[in-house]
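All values below come from the heavy atoms of this structure, side chains included, with hydrogens, waters and symmetry mates left out.
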Amino acid sequence: MTDDHDAGAARFIFEAGVLKRAARTGWWFAGVKQPESIAEHSFRTALIGIMLAAMEGADPARVSMLCTLHDTQETRITDIPHIAKRYLTAVPNTAVTADQVAGCPPPVVDVITAAIAEYETGETLEAVVARDADKLECLVQAVEYRHQGIDNVQRWIDSSRAALKTASAQRLADAALNGQPLAWLTPPPQG
């Protein structure tokens with residue numbers, strides 16, 4: 001390891017901080033004035049990923065890592081709304097990630113680029129679960145926005161629900177659709 005590698009790692013850490021300030025832009029079309037940040041989305045995606053991994057027999061740590069990293073490219077290409085993807089051609093996320101971590105220590109480069117390649121390929125159980133966590137988080141966010149009075153979120157609910165692959169994610173989606181976002185404030189009955 002060199003000082004240059006440490007500086008490269010620090011650059012990536014600072015760059016990732018942009019995700020705390022970058023909004024999930026698709027929600028603007030639904031009328032959400034201040035949507036959650038990409039980092040907020042990724043945090044809950046990772047939590048959902050841990051749960052789904054446990055339910056599906058996947059590696060929770062690996063799924064959590066895939067979920068945490070899945071949108072890091074958006075520091076450079078932004079959160080491109082679905083409709084814009086019809087008109088734009090972006091480089092693959094694997095290429096963006098390679099540029100982002102190029103100056104990092106080689107073991108860091110290897111871990112992060114392998115994780116993004118796995119997520120993007122979507123062939124392992126962990127990648128399938130991580131992708132489901134991403135879609136399920138979007139669905140849950142839409143349900144929360146709907147409960148806050150934003151009524152133009154059904155397309156996000158429908159597309160997210162249709163994209164789910166695992167039985168566990170489908171069950172959790174149904175529970176979210178039938179639940180109340182603030183139900184957790186009421187303690188469960190003691191048995």
Side-chain angles (χ1 to χ4, degrees), residues 19-74 77-86 90 93 115-116 118-186 188:
L19 299 173
K20 296 192 308 183
R21 298 183 299 278
R24 301 257 299 157
T25 58
W27 294 118
W28 289 331
F29 295 106
V32 178
K33 289 181 175 40
Q34 293 183 321
E36 81 278 11
S37 72
I38 296 164
E40 290 167 324
H41 160 72
S42 294
F43 171 76
R44 187 159 61 178
T45 298
L47 290 177
I48 293 169
I50 292 166
M51 295 170 66
L52 289 176
M55 296 167 76
E56 290 290 323
D59 177 356
R62 184 77 182 169
V63 171
S64 178
M65 180 172 65
L66 298 179
C67 292
T68 300
L69 295 169
H70 84 283
D71 279 341
T72 53
Q73 307 78 19
E74 293 181 8
I77 61 172
T78 72
D79 179 34
I80 301 170
H82 184 70
I83 186 114
K85 292 179 182 181
R86 291 186 199 170
N93 282 340
I116 295 302
E118 179 180 354
Y119 182 85
E120 293 299 322
T121 305
E123 294 176 356
T124 65
L125 176 58
E126 286 71 20
V128 170
V129 169
R131 287 170 169 270
D132 270 7
D134 178 40
K135 296 301 181 187
L136 186 56
E137 199 288 326
C138 185
L139 181 145
V140 168
Q141 187 64 65
V143 168
E144 288 175 334
Y145 285 146
R146 184 172 62 192
H147 280 270
Q148 293 169 14
I150 306 294
D151 60 358
N152 294 325
V153 297
Q154 193 62 46
R155 70 180 58 236
W156 283 266
I157 291 171
D158 294 343
S159 65
S160 296
R161 179 67 175 86
L164 298 175
K165 305 283 188 228
T166 64
S168 298
Q170 292 166 4
R171 288 193 316 273
L172 288 180
D174 291 342
L177 290 168
N178 293 317
Q180 294 291 324
L182 295 179
W184 61 271
L185 289 170
T186 305

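- Of all heavy-atom pairs between Lys165 and Asp132, the closest is N-OD1, 2.8 Å.
- At a threshold of 4.5 Å between non-hydrogen side-chain atoms, the residues Asp134 and His41 count as touching.
- Between Leu69 and Tyr119 the shortest side-chain heavy-atom distance does not fall below 4.5 Å.
- Residues Trp28 and Pro81 have side chains not in contact (no heavy-atom distance under 4.5 Å, counting atoms from C-beta outward).
- Although no hydrogens or angles enter the test, the distance criterion places a donor-acceptor pair under 3.5 Å between the side chain of Thr25 and the main chain of Asp79.
- Using modelled atom types, one finds a donor on one side chain and an acceptor on the other under 3.5 Å when comparing Gln141 with Arg44.
- Judged by distance alone, the side chain of Arg62 and the main-chain N or O of Ala127 form no donor-acceptor pair under 3.5 Å.
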Below 3.5 Å, can you tabulate the donor-acceptor pairs from side chains in residues 150-157 to any protein atom, sequence neighbours excluded?
from   : atom 1 : to     : atom 2 : distance (Å)
Gln154 : OE1    : Arg146 : NH1    : 3.4
Gln154 : NE2    : Asp158 : OD1    : 2.8

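- A distance of 8.5 Å separates CZ of Arg131 from NZ of Lys135, quoted to the nearest 0.5 Å.
- Val63 and Gly49 get closest at one heavy-atom pair: CG1-O, 3.4 Å.
- Closest heavy-atom contact between Cys67 and Ala46: CB-CA, 3.5 Å.
- When all heavy atoms of Ala90 and Ile80 are compared, the closest pair comes out as CB-CD1, 4.4 Å.
- Distance alone, capped at 3.5 Å, places no donor-acceptor pair between the Glu118 side chain and the Leu66 backbone.
- For the pair Leu164/Thr166, no side-chain contact is recorded, criterion being any heavy-atom separation below 4.5 Å from C-beta on.
- Here the straight-line distance linking atom OG of Ser64 with atom CD1 of Ile48 works out to 11.5 Å at 0.5 Å rounding.
- There is no side-chain donor-acceptor pair under 3.5 Å between His70 and Asn93.
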